[in-house]
> 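Supplied in structure tokens, the structure appears directly below.
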Amino acid sequence: MFQSQTNILTEFYDNRLPTTYNMYAIAAVATIGGLMFGFDISSVSSFLSQEYYLSYFNSPNTITQGGISSSMAGGSFVASLFTPYIADPLGRRVSLQTSSLFWMIGAAIQSSSQNRAQLICGRFISGIGIGIATSTAPSYISEISPKKIRGMMGGCFQWAVTIGIMIMFYIGYGCSFINGVGSFRLAWGIQIIPGMLLFFGVPFLPESPRWLANHGHWEKAIEVISKVNGKEVDDPQLVIELKEIKEQVLIDQDSKNVTYMELFNKYNFKRTLVGMSTQLWQQMCGMNVMMYYIVYIFEMAGYSGNANLVASSIQYVINVVMTIPALLFIDKIGRRPLLLVGAVLMTAFQFAVAGILAVYSEPVSDFDGNENITISIPTKNKKASKALIACSYLFVASYAPTWGPGIWLYCSELFPTRQRAKANGLCTSVNWIFNFALGMFVPTAFHNISWKTYIIFGVFCVVMFFNVYFYCPETQGKTLEEIDKMWQDKVPAWKTKNYIPELPPVGETFDDKVSELKVENAGTDALSNSSISEEHLTRETATQEV
């Protein structure tokens, strides 16, 4: 049934609508899912201390506000686990469109919220859309991008997140001047716009060539790769990539029903843990705490009212601007150096924030009516307040070009095509469940242990440095098939920068590899109608190029 649905949808998109093969246009549409994610992150933060929000929702306490903020992450966690059941049988494009539908429905419910329960429900449904988008978009971009710019294209997803955070915060700031509940209703209603852009933009994108190859559409896969790369089919570099995909498909055809348990067998266990741990650290480094509760942080620094919102907004601008260097250099520097340097810098600034608050803050019963804030730096210590804000800005400037874009790209590169949807869903679910946990934990932590909260995140930053150094391999400059071979060769993480895979001689099949992985009855039907001749796939020039 799914196969026939796939064929109908593929033919409708490809034959009835014009298709763009410009990689920058493809990334611009696909990363709207990241824009939606950013919208949601700051959709509540600008209203946390606003009179009309607090009055209408009866001044949520720490637990209730944590539930409101984290309900989106709860929906995303659930969605990231079932996304493969959409993305694998129906394709990456249908999955992205499905995400936009959930997002728009959730935004409509939020903007019409009559009570806390409806607000939480709307954010949960929007979270389902975000969970599907964050599981699908990075994989799609990774699978379709030429390897020379795959890092930059993958980094665009995180850049879209930062842009969404900034835009939505300023929308919320502008709407805060509206008297009455229209202030937050209008801001939440505007969230429907990026959902509409994604829904109507996706049909004009090509399907993932690796997904097409795995579902028997080999001729279409060749066409997509050729047009996206801007090269003829017989180009030596393109021939190499197609040969690798063909060999990978021969292996992947053993099973159409990958299970989550397969990700934890002896061949995949280590890389699955690497993917899950890197997504975990992206949350536990403390960045989303800075984003969700930035208003609280600046209240601790002694800022209130509009001065708080303006000072907070600068952090969002820094987040957008500092993501650009990653887009420009991630394909030249590599993934590991960025993650390691980011971990060191974030450690320093987390401990600096904790130290400043420990020394210069004083207890308060509440701050400007916010009972979640129990400490604040008095006005007599203006230099300490400025130092706290500076460390907050520098933390964001450290995260933005490193762990921000690096992780979404990195996890999308770790797994072979047949596992990628489920693996990305699983890894993303780790990100979301800890996002949910932090959303619940942080308001209470601020209330009960105040500055010591930053000590916790500083320690996590230390641990993630060593985790990256010893377990996370370098994926820069390698095709997705070469990365898969690297895992099979069990290359130590710190030696993977200069790893060069040993490709089979001309004419040799991957029978030994298939046997090693205990894959039986690998099908070849997907390649039976291939328009690439064996002459192209075995040409001597391609072998010499390798």
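Keep in mind the model is a prediction, meaning the values are calculated, not measured. Residues take their numbers from the sequence shown, with the count starting at 1.
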> Among L426, T278, V430, exactly one meets side chain to side chain contact (heavy atoms under 4.5 Å, CB included) together with C411. Which residue is that?
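The passing option is T278.
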> Are V396 and F349 packed together at the side-chain level, in the sense that at least one heavy-atom pair is separated by less than 4.5 angstrom?
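No, side chains not in contact.
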> Can you see whether T323 engages Q158 through a side-chain donor-acceptor pair at a distance of less than 3.5 angstrom?
no
> Are side-chain heavy atoms of F434 and Q282 found at a separation under 4.5 Å?
no
> Quick one: are Q315 and F395 in side-chain contact, heavy atoms under 4.5 Å?
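No; the side chains remain at least 4.5 Å from each other.
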> Using side-chain heavy atoms (C-beta onward) and a distance below 4.5 Å, is I314 in contact with I389?
no
> List the steps, then state whether ring-ring contact (aromatic ring centres under 6.0 Å, His included) holds for F77 with F436.
CA-CA 8 Å; F77 168 72; F436 175 83; 8.3 Å; no
> Between the side chain of H215 and the main-chain N/O of L90, is any donor-acceptor distance below 3.5 Å?
no
> May I ask you to check whether over 12 heavy atoms, not counting those of W159, lie within 6.0 Å of atom CH2?
no
> Test of understanding: with ring-ring contact (aromatic ring centres under 6.0 Å, His included), list the residues that count as partners of Y56, not counting sequence neighbours.
F184
> Any chance you could lay out the side-chain contact (heavy atoms from CB on, under 4.5 Å) test for R335 and E413, step after step, and finish with the verdict?
CA-CA 11 Å; R335 288 36 160 175; E413 296 174 328; 2.6 Å; yes
> Could you check if a side-chain atom of M153 sits within less than 4.5 angstrom of a side-chain atom of M23, using non-hydrogen atoms only?
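Yes, close enough: below the 4.5 Å cut-off.
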> If you measure from the Lys or Arg side-chain nitrogens to the Asp or Glu carboxylate oxygens, is any gap between K422 and E262 under 4.0 Å?
no
> With distance as the sole criterion, is a donor-acceptor pair present between the side chains of D40 and S126 under 3.5 Å?
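The criterion, which ignores hydrogens and geometry beyond distance, is not satisfied for S126 and D40.
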> Would you say the side chain of Q110 lies within less than 4.5 Å of the side chain of L119, judging by non-hydrogen atoms?
yes
> More than 12 heavy atoms of other residues, nucleotides or ligands under 6.0 Å from CZ of F269: is that the case?
no
> Do the side chain of S76 and the main chain of G127 share a donor and acceptor less than 3.5 angstrom apart?
yes
> Looking at F57, I'd like to know if its CZ atom is crowded, meaning that more than 12 non-hydrogen atoms belonging to other residues, nucleotides or ligands lie closer than 6.0 Å.
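Yes, CZ of F57 has more than 12 neighbouring heavy atoms, counting only those of other groups under 6.0 Å.
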> Please tell me whether N431 and T428 have a donor and an acceptor in their side chains that are separated by less than 3.5 angstrom.
no
> I need the full list of side chain to side chain donor-acceptor pair (under 3.5 Å) pairs touching residues 131-143, with sequence neighbours left out, sorted by first then second residue.
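Only R92-E143, S95-T136, T134-W432, S139-N424, E143-S208, E143-R420 qualify under side chain to side chain donor-acceptor pair (under 3.5 Å).
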> Do F177 and Y173 have ring centres separated by under 6.0 Å?
yes
> Is a side-chain donor-acceptor pair under 3.5 Å present for Y53 with S183?
no
